[in-house]
Colleague: 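Take this structure, written in structure tokens, and hold onto it; I'll ask about it next.
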Number of protein chains: 2
Amino acid sequence: MKKHKDLLQVLKANNMRITPARRFLLQFILDSKKHAGIKTGQITLKSITRFMEKILPGVNRSSIYRNIEAFKKLDIIQEISLPSGSFFQYVFDCKVHHFYICKSCGKASVGNEKLFNKIEAALKDIHGFAKANLSIVFYGYCSKCGH
Amino acid sequence: MKKHKDLLQVLKANNMRITPARRFLLQFILDSKKHAGIKTGQITLKSITRFMEKILPGVNRSSIYRNIEAFKKLDIIQEISLPSGSFFQYVFDCKVHHFYICKSCGKASVGNEKLFNKIEAALKDIHGFAKANLSIVFYGYCSKCGH
DNA sequence: AGTGCTATTGCAAAATGTTGCAATAAACCC
DNA sequence: GGGTTTATTGCAACATTTTGCAATAGCACT
């Protein structure tokens, strides 16, 4: 797993400057990725702004929004959008292509890679979609929320 | 395909009143569904508010938002969320469970139903997801946007 | 360390969403 | 039509997100 320093290199490589706001934002993102699996409500715009207002009160909201967008473009994080709202995931060294998300509790989990590959192949046959850069999201009700 | 009148019946059946705003909103939704396939940028909150401000200038934003939520609950429309924004689809008489969406141009198309059923079965085996109410969204690049 | 270039920020104003509450008007009965 | 009930609306205040622009501060070069 990549570390803070590696990510700073990514910024530099993309002609982006290292600012206090970016350091802290990166650290926040890295810290949120403590478990192998993906948990609910990890990184949201709300949690980020709450954190930043606490740690770096000087930072303006607009900078946070702009940096989140920038990190998305660099594929440091990935945005998962649901009707109930969006959240972000650290995916720099392990880009996730296949999740399943519970419509009820919002829990997002990484899907089975073998299944993903099979589906990807089937998709390629049937639809006009290129294989590269495909990602799949399943929405359903998890065993806990059942019904 | 259901018509305006049928939808009004749905509202009544759910103890909801017929107001001018709802009439026009329903009509807007029905009008946007002129083709069999699903096209880009059809119904967004922006397009709705623009339309309503033109046709019924008196209607408040909050009423529009609340009615959109209400129509979602009644499964008259379905919300598709993407990092680039959300849009809505009329799905009352043809609820769509399976799409593919181009990450580049945003074009959303209805997926192949046979494939959907196969995937659904595989999912049920592998994940802890209940079969009911499953929906699947594929993100990728369409043949037009390529790569 | 000082200088120059320019990416980034803060700021302010606007756009877009959300919420509680009192006023309004659909719908039903007579 | 007039009266009653209550779902719906408009309003106002607030929260969130977006945008243009001038000021700031990273960074490269000396």
Colleague: Stepwise, does the side-chain contact (heavy atoms from CB on, under 4.5 Å) test hold for A:L7 with A:Y90?
Modeller: CA-CA 11 Å; A:L7 294 177; A:Y90 173 78; 4.0 Å; yes
Colleague: Below the 4.0 Å mark, does D:dT17 have OP1 or OP2 next to a side-chain nitrogen or oxygen of A:Y65?
Modeller: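 Yes.
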Colleague: Can a side chain N or O of A:N14 be found less than 4.0 Å away from OP1 or OP2 on C:dA7?
Modeller: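 Negative; the distance criterion is not met.
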Colleague: Closest nucleotide of DNA chain C for A:N60 versus for B:L45: which of these residues is on the 5' side?
Modeller: A:N60
Colleague: A:N67 CG to D:dT17 P: how many Å, rounded?
Modeller: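 The answer, rounded to whole Å, is 15 Å.
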Colleague: Could you give the NZ-to-P distance, from B:K46 to D:dT19, as a whole number of Å?
Modeller: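 Answer to the nearest Å: 7 Å.
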Colleague: Let's test your reading of the model: under 3.5 Å, does the base of D:dG10 pair with the side chain of B:R66 as donor and acceptor?
Modeller: yes
Colleague: Strictly under 4.0 angstrom, non-hydrogen atoms only: write out the protein contact profile of nucleotides 24-30 of chain D, one letter per nucleotide from the 5' end, B, S or -.
Modeller: -BBS---
Colleague: Please determine if a side-chain N or O atom of A:R22 lies less than 4.0 Å away from the OP1 or OP2 oxygen of C:dT8.
Modeller: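 For C:dT8, OP1/OP2 do have a side-chain N/O of A:R22 under 4.0 Å.
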Colleague: Indicate whether OP1 or OP2 belonging to C:dG10 is found under 4.0 Å from a side-chain N or O atom of A:S63.
Modeller: yes
Colleague: To the side chain of B:S62, which of C:dT18, D:dT16, D:dT9 is closest?
Modeller: C:dT18
Colleague: Looking only at the side chains, is there a donor atom on one of B:S62 and B:R66 sitting less than 3.5 Å from an acceptor on the other?
Modeller: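 Yes.
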